[in-house]
Amino acid sequence: MIDPQILRNDPEVIRESQRRRGEDPALVDQLVAADIGARQDQQFFDDLRNTQKILSKEIGPLQGQLKKNPSPELQQQVDQLMEKATALAADVKAAEQKAAAKAQEVDQLWLQVSNLVDLRSPVGGEDDFVVLEEVGTPRDFAAEGFEPKDHLTIGQGIKAIDTERGAKVSGSRFYFLTGQGAMLEFALLNLAMSQALANGFIPMITPALVLPQAMEGTGFLGQAAENVYRIESDDMYLVGTSEVPLAAYHSDEIIPAKELPLRYAGWSSCFRREAGASGRDTTGIIRVHQFDKVEMFVYCDPAEAEAEHERILQWEKDFIDALEIPYRVIDVATGDLGSSAARKFDIEAWIPTQGKYREVTSTSNTTEFQARRLKIRMRNDSGTKPLATLNGTLCAMPRIIVAILENHQNANGSVNIPAALRPYLGGAKQLTEPKQLTEPGTP
RNA sequence: GGAGGCGUCGCCUAGUCCGGUCUAUGGCGCCGCACUGCUAAUGCGGUUUGGGUUCAUCCCCAUCGAGGGUUCAAAUCCCUCCGCCUCCGCCA
């Protein structure tokens, strides 16, 4: 949610943001009208309620007197007041219901408005991003004298990835990480968590099932709703990222300014329906329904948010650097920000067999948008105010595994392990074909 | 799943039986002022959150886990739900 003062003082700012996103600016005009109406109705109720309270306070003491010394005169006085009060009660109730209905209408409209875009975000759709930098040089496999294999071929060769049995057990876009594939994920987890810990993050293992208000508050029930799994029988949602539980963690709380910034590194499974992506990335583990991820999540003073966003991006780069993977950083365009982000940077890793860069991490500055929805505030000397939240991927397992397998493969199908990862794999320098796992179809 | 207990403005707590002196008590903590070589102690005042109004002060409304209901009037009475604790049963 956006600061309602902006709606009242300068609604054009919100209209412009909606236009840049390719969303409906007329929503803002609906909101302006609804907001005025709701405040009028609230004021009407407040005043009516005030008269009722004053009247009620007159009746109380009179009732007391009447009990001690009953007199017809007093009785008449009380009766008269009661008559007025009874009539008023109905009006108060009606006014209250009207005001509540209007307030709800305003809330519903606000839920449809996305965050104000950062004016530096490039305007346009998915393809209108701006490349900020390219880091590292893709390997020249031709010069090395062999054709690179795709990650699935390599993964199957070293018995690290099993998509056939994944599909057998759970359907398409599911997979098993087996043997050293599983160990590779654990190693990446440990590397990521060590880095996060060194950067002052608090490690967190979060719920993967959340209540509707957590999903709503983080902004995933808007346009992104079709990609969210819902557990109908219990009215809960499977999270697509631990950003959701990490944001809702402090909902309805007021955090002292001196405790900020609060940095959390969450580890959870992530679930995505990938609706509307049918036909894209159908082989391998680039686009899957379930994966594990280490996510950075920060609560900070809004004045610090932009600098923190840069820091998170740097930590993401540090991690990919450590894995020795070539990548580029893009400034995501307004149409591709999602409802919560004001600005978003993606890191895209080089995927040799696709000959292009593919998203492996994403960091968003959601400014005060989520904090307002989730009622998270900070307290400093001048009072309480909404704080800012930011998120960024530290390590999304399958895609990082894809990037490692493809970029560090050898002609014989083995894979070199980046030096930073070796300590977490017992010092091994390569992933090679093991003997113990059976082929699919073998009894 | 069964039985019982509990949920009050940072923390602890009074109030709930019996509705109106609750404009929610007291203590701790915190903030300000006074006193004082300094500190401590003491005294006085302030201290939930959100909304409306205002230059600001003031004032008004809501808020006693949440939502309904009864009533002129609800922390207090009734109903539903949620959470926590204890015990029992089942299970990882």
Side-chain angles (χ1 to χ4, degrees), chain A residues 1-9 31-70 74-111 205 207-217 231 233-237 245 248-260 262 269 368 370-387:
Chain A
M1 180 178 174
I2 298 166
D3 185 350
Q5 290 304 327
I6 296 175
L7 182 78
R8 289 164 200 168
N9 301 330
L31 248 180
V32 169
D35 180 61
I36 291 169
R39 274 186 292 159
Q40 280 170 348
D41 288 351
Q42 182 65 40
Q43 193 66 56
F44 183 72
F45 162 70
D46 284 356
D47 292 343
L48 215 52
R49 177 81 175 134
N50 187 26
T51 17
Q52 184 189 37
K53 282 172 82 168
I54 292 167
L55 200 53
S56 248
K57 268 174 205 165
E58 283 181 54
I59 294 172
L62 285 179
Q63 293 273 37
Q65 278 182 47
L66 196 58
K67 267 190 189 158
K68 279 184 213 161
N69 328 293
L74 210 56
Q75 183 66 55
Q76 199 194 352
Q77 211 181 335
V78 170
D79 286 349
Q80 268 178 10
L81 284 175
M82 284 289 246
E83 203 180 311
K84 266 168 79 181
T86 308
L88 197 57
D91 293 347
V92 170
K93 182 170 273 189
E96 181 174 25
Q97 277 166 1
K98 193 175 172 204
K102 280 286 190 65
Q104 207 189 346
E105 186 192 325
V106 171
D107 290 346
Q108 280 308 312
L109 285 170
W110 269 125
L111 284 180
I205 297 173
L209 276 171
V210 299
L211 297 170
Q213 57 261 39
M215 220 46 167
E216 185 100 88
I231 309 293
S233 57
D234 296 277
D235 195 17
M236 294 188 83
Y237 293 91
Y249 186 66
H250 285 298
S251 54
D252 289 306
E253 292 183 23
I254 300 173
I255 299 169
K258 65 176 196 294
E259 288 177 22
L260 299 174
L262 269 174
S269 292
E368 302 167 17
Q370 292 179 331
R372 283 183 192 277
R373 287 183 166 213
L374 292 165
K375 299 183 173 57
I376 310 168
R377 285 153 292 171
M378 57 179 284
R379 190 199 309 279
N380 58 18
D381 295 336
S382 49
T384 64
K385 63 173 185 181
L387 43 67

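Every chain is numbered from 1, with letters handed out A, B, ... down the list of sequences. What you see is a predicted model, and the numbers here were worked out from it, not measured in a lab.
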Review point. Within the distance-only criterion (no hydrogens, no angle test), does the side chain of D35(A) pair as donor or acceptor with the backbone N or O of L31(A) below 3.5 angstrom?
Key: no
Point to revise | D3(A) side chain vs Q5(A) backbone, donor-acceptor pair below 3.5 Å | key: yes
What distance, rounded to whole Å, do you find between the two [atom1] atoms, one in [N] and one in [M]?
| N | M | atom1 | answer |
| --- | --- | --- | --- |
| A14(B) | G26(B) | C1' | 7 Å |
| A73(B) | A66(B) | C1' | 22 Å |
| G7(B) | G68(B) | P | 22 Å |
| A74(B) | C18(B) | C1' | 14 Å |

Check your understanding: Hey, does R372(A) reach any base, or is it just sugar-phosphate, or nothing, if we go heavy atoms under 4.0 Å?
Key ->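 Touches nothing.
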Check your understanding: Given Watson-Crick or G-U pairs with both distances under 3.5 Å, what dot-bracket string fits RNA chain B, with | for other-strand pairs and [ ] for crossing?
Key -> ((((((((.[[[..)....(.....]]]((((((.......)))))).((((......))))..[[[[[..)....]]]]])))))))....
Exercise for review: Compute whether any side-chain donor of one residue and acceptor of the other, for R373(A) and Q370(A), lie under 3.5 angstrom apart.
Suggested key: no
Point to revise | Beyond-backbone contact of L55(A) with K84(A), side-chain heavy atoms, under 4.5 angstrom | key: yes
Review point. Any side-chain heavy atom of R39(A) within less than 4.5 Å of one from R8(A)?
Key: yes
Study note, to complete from the structure: Sequence neighbours excluded, the answer for salt bridge (Lys or Arg N to Asp or Glu O under 4.0 Å) partners of D235(A) is R230(A)
Check your understanding: Which residues satisfy the salt bridge (Lys or Arg N to Asp or Glu O under 4.0 Å) test with K93(A), sequence neighbours excluded?
Key ->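 In terms of salt bridge (Lys or Arg N to Asp or Glu O under 4.0 Å), with neighbours along the sequence ignored, K93(A) is linked to no residue.
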What is the distance from [atom1] of [X] to [atom2] of [N], rounded to the nearest Å?
| X | N | atom1 | atom2 | result |
| --- | --- | --- | --- | --- |
| D252(A) | U49(B) | CG | C1' | 11 Å |
| D107(A) | G50(B) | CG | P | 16 Å |
| I255(A) | U49(B) | CD1 | C1' | 15 Å |
| I54(A) | G20(B) | CD1 | P | 20 Å |
| W110(A) | G50(B) | CH2 | C1' | 17 Å |
| K375(A) | G51(B) | NZ | C1' | 12 Å |
| M82(A) | A73(B) | CE | C1' | 9 Å |
| I376(A) | G50(B) | CD1 | C1' | 16 Å |

Review point. Do L209(A) and Y237(A) pass the side-chain contact (heavy atoms from CB on, under 4.5 Å) test, and can you show the C-alpha distance, the side-chain angles, and the key distance before you say yes or no?
Key: CA-CA 5 Å; L209(A) 276 171; Y237(A) 293 91; over 6 Å; no
**Study point:** Salt bridge D41(A)-K102(A), side-chain N to carboxylate O under 4.0 Å
**Key:** yes
Protein-nucleotides 60-64 of chain B N/O pairs under 3.5 Å:
from	atom 1	to	atom 2	distance (Å)
C60(B)	O3'	N50(A)	OD1	3.1
C61(B)	OP1	N50(A)	OD1	2.8
C61(B)	O2'	D46(A)	OD1	2.7
A62(B)	OP1	R49(A)	NE	2.3
A62(B)	OP1	R49(A)	NH2	3.1
A62(B)	OP2	K53(A)	NZ	2.7

Review point. For K375(A), does the NZ atom have more than 12 heavy-atom neighbours from other residues, nucleotides or ligands under 6.0 Å away?
Key: no
Study note, to complete from the structure: Residue set satisfying side chain to side chain contact (heavy atoms under 4.5 Å, CB included) with I54(A), at least two apart, ordered chain then number -> N50(A), E58(A)
Point to revise | Contact list for RNA chain B against residues 84-100 of chain A - heavy-atom distance below 4.0 Å | key: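 Contacts with RNA chain B under 4.0 Å: A85(A), T86(A), A89(A), K93(A).
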Review point. Has R377(A) got a side-chain N or O lying under 4.0 Å from the OP1 or OP2 atom of G50(B)?
Key: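 For G50(B), OP1 or OP2 has a side-chain N or O of R377(A) closer than 4.0 Å.
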Practice item. Look at the side chain of Q52(A) and decide which nucleotide, out of U53(B), A73(B), U49(B), has an atom nearest to it. Key: A73(B)
Practice item. Specify the closest pair of heavy atoms between G217(A) and L374(A), including all atoms of both residues, with the distance to one decimal. Key: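 Shortest heavy-atom separation between G217(A) and L374(A) comes out as CA-CD2, 3.6 Å.
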